[in-house]
Amino acid sequence: MTHTNHAEDEIIAVLDAGSQYGKVIDRKVRELQVATTLLPLETPAATLLADKRIKGVIISGGPNSVYAADAPKYDAALFESGLPILGICYGMQMANATFKGEVTTKTHREDGQLRIRVDTSCLLFEGLDAEQEVLLTHGDSVTK
């Protein structure tokens with residue numbers, strides 16, 4: 001489903017990995033005046049590349065571990081597509097595992113809010129305050 005509130009010559013694909021926040025991520029990007037299309041995580045990379053309007057991908061979080069037998073399926077070619085990719089929570093863990101990093105299961109879940117510091121000289125955080133409050137809802141963490 002493509003949202004048409006904005007100019008659609010360029011859009012961001014939001015791949016939903018099963019998080020309760022997939023639609024929130026989609027809406028927040030649209031609030032920034034960026035057109036989006038919300039798609040299932042298993043959308044083939046070729047499908048994304050065939051739509052020349054897609055200029056980047058956001059992969060949402062999800063309830064699974066990347067190592068679980070029932071982990072959501074995805075097309076690993078996505079990471080070779082040349083499209084910029086932002087992985088949030090499960091999406092970041094998925095990218096990390098794809099590139100042979102390490103994702104470990106914590107002894108206890110981390111749920112709640114935490115204050116972090118970000119490097120505001122990085123383009124991703126440009127214009128933000130150096131201290132940010134973030135939401136933690138996971139049992140796995142990227143360790144390498």
**Q** For the side chain of D16 and the backbone of P40, is there at least one donor-acceptor N/O pair under 3.5 Å apart?
**A** no

**Q** Calculate, to the nearest 0.5 Å, the distance between atoms CG and CZ belonging to L38 and R27 respectively.
**A**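 Spacing of CG (L38) from CZ (R27) equals 12.5 Å.
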
**Q** Does K55 use its side chain to pair, donor to acceptor, with the backbone of K52 at less than 3.5 Å?
**A** yes

**Q** Please report the shortest heavy-atom distance between G18 and S60, naming the atom on each side.
**A**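 The pair with the smallest heavy-atom distance is N-OG, 4.2 Å.
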
**Q** Is there a donor in the side chain of T43 and an acceptor in the side chain of Y74, or the other way round, less than 3.5 Å apart?
**A** no

**Q** If you measure from OG1 on T47 to CG on D75, what distance do you get to the nearest 0.5 Å?
**A** 8.5 Å

**Q** Could you tell me whether the side chain of K100 and the main chain of A97 form a donor-acceptor pair under 3.5 Å?
**A**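 No: the side chain of K100 does not pair with the backbone of A97.
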
**Q** Taking NZ, NE, NH1 and NH2 as the nitrogens, is one of them in E42 or K73 under 4.0 Å from a carboxylate oxygen of the other?
**A** no

**Q** How about E133 and Q113: do any of their side-chain heavy atoms sit closer than 4.5 Å?
**A** yes

**Q** I'd like to know whether CG of L114 has more than 12 heavy-atom contacts from other residues, nucleotides or ligands below 6.0 angstrom.
**A**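 Counting neighbours around CG of L114, more than 12 heavy atoms of other residues, nucleotides or ligands fall under 6.0 Å, so yes.
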
**Q** With side chain to side chain contact (heavy atoms under 4.5 Å, CB included) as the test, would you mind laying out the steps for L32 and K28 before giving the verdict?
**A** CA-CA 7 Å; L32 295 170; K28 289 294 188 180; 6.0 Å; no

**Q** Would F99 and L83 show up in the same hydrophobic cluster when neighbours are defined by side-chain heavy atoms closer than 4.5 Å?
**A**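 Yes; L83 is reachable from F99 via cluster members.
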
**Q** Take I58 and T36 through the test side chain to side chain contact (heavy atoms under 4.5 Å, CB included) and record every step on the way to the result.
**A** CA-CA 10 Å; I58 298 173; T36 61; over 6 Å; no

**Q** Between L78 and V57, is a side chain to side chain contact (heavy atoms under 4.5 Å, CB included) present by the stated rule, with each step listed?
**A** CA-CA 9 Å; L78 173 65; V57 177; 4.2 Å; yes

**Q** Looking at CG of L128 and CD of E126, how far apart are the two atoms once the value is rounded to the nearest 0.5 Å?
**A** 9.0 Å

**Q** Are L124 and V118 side-chain neighbours, meaning at least one heavy-atom pair lies under 4.5 Å?
**A** no

**Q** Distance from I11 atom CD1 to R53 atom CZ, nearest 0.5 Å?
**A** 4.0 Å

**Q** Kindly compute the distance separating OG1 (T37) from CD1 (I54), expressed to the nearest 0.5 Å.
**A**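 With rounding to 0.5 Å, OG1 (T37) is 6.5 Å from CD1 (I54).
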
**Q** One thing to verify: whether E131 and R117 come together as a salt bridge, which I'm taking to mean a side-chain N less than 4.0 angstrom from a carboxylate O.
**A**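 A salt bridge links R117 with E131.
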
**Q** Do you know the tightest heavy-atom contact between A17 and P72?
**A**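 In this case the closest contact between A17 and P72 is O-CG, 4.0 Å.
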
**Q** Does the pair I59 and L41 meet the rule for a side chain to side chain contact (heavy atoms under 4.5 Å, CB included), with working shown?
**A** CA-CA 7 Å; I59 304 170; L41 178 62; 3.8 Å; yes

**Q** Treating T120 as the side-chain partner and F125 as the backbone partner, does any N or O pair qualify as donor plus acceptor under 3.5 Å?
**A**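 No; zero donor-acceptor contacts below 3.5 Å.
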
**Q** Mind listing the side-chain donor-acceptor pairs of residues 88-96 below 3.5 Å, one per line with the distance, residues two or more places apart or on another chain?
**A**
from: Q93; atom 1: NE2; to: D140; atom 2: O; distance (Å): 3.2
from: N96; atom 1: OD1; to: E102; atom 2: N; distance (Å): 3.0
from: N96; atom 1: ND2; to: K144; atom 2: O; distance (Å): 2.9

**Q** Could you tell me whether the side chain of V66 reaches within less than 4.5 Å of the side chain of T98, counting heavy atoms only?
**A** no

**Q** Name the one of D26, D51, V14, L48 that satisfies side chain to side chain contact (heavy atoms under 4.5 Å, CB included) with L39?
**A**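 That would be L48; it is the only one of D26, D51, V14, L48 passing the side chain to side chain contact (heavy atoms under 4.5 Å, CB included) with L39.
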
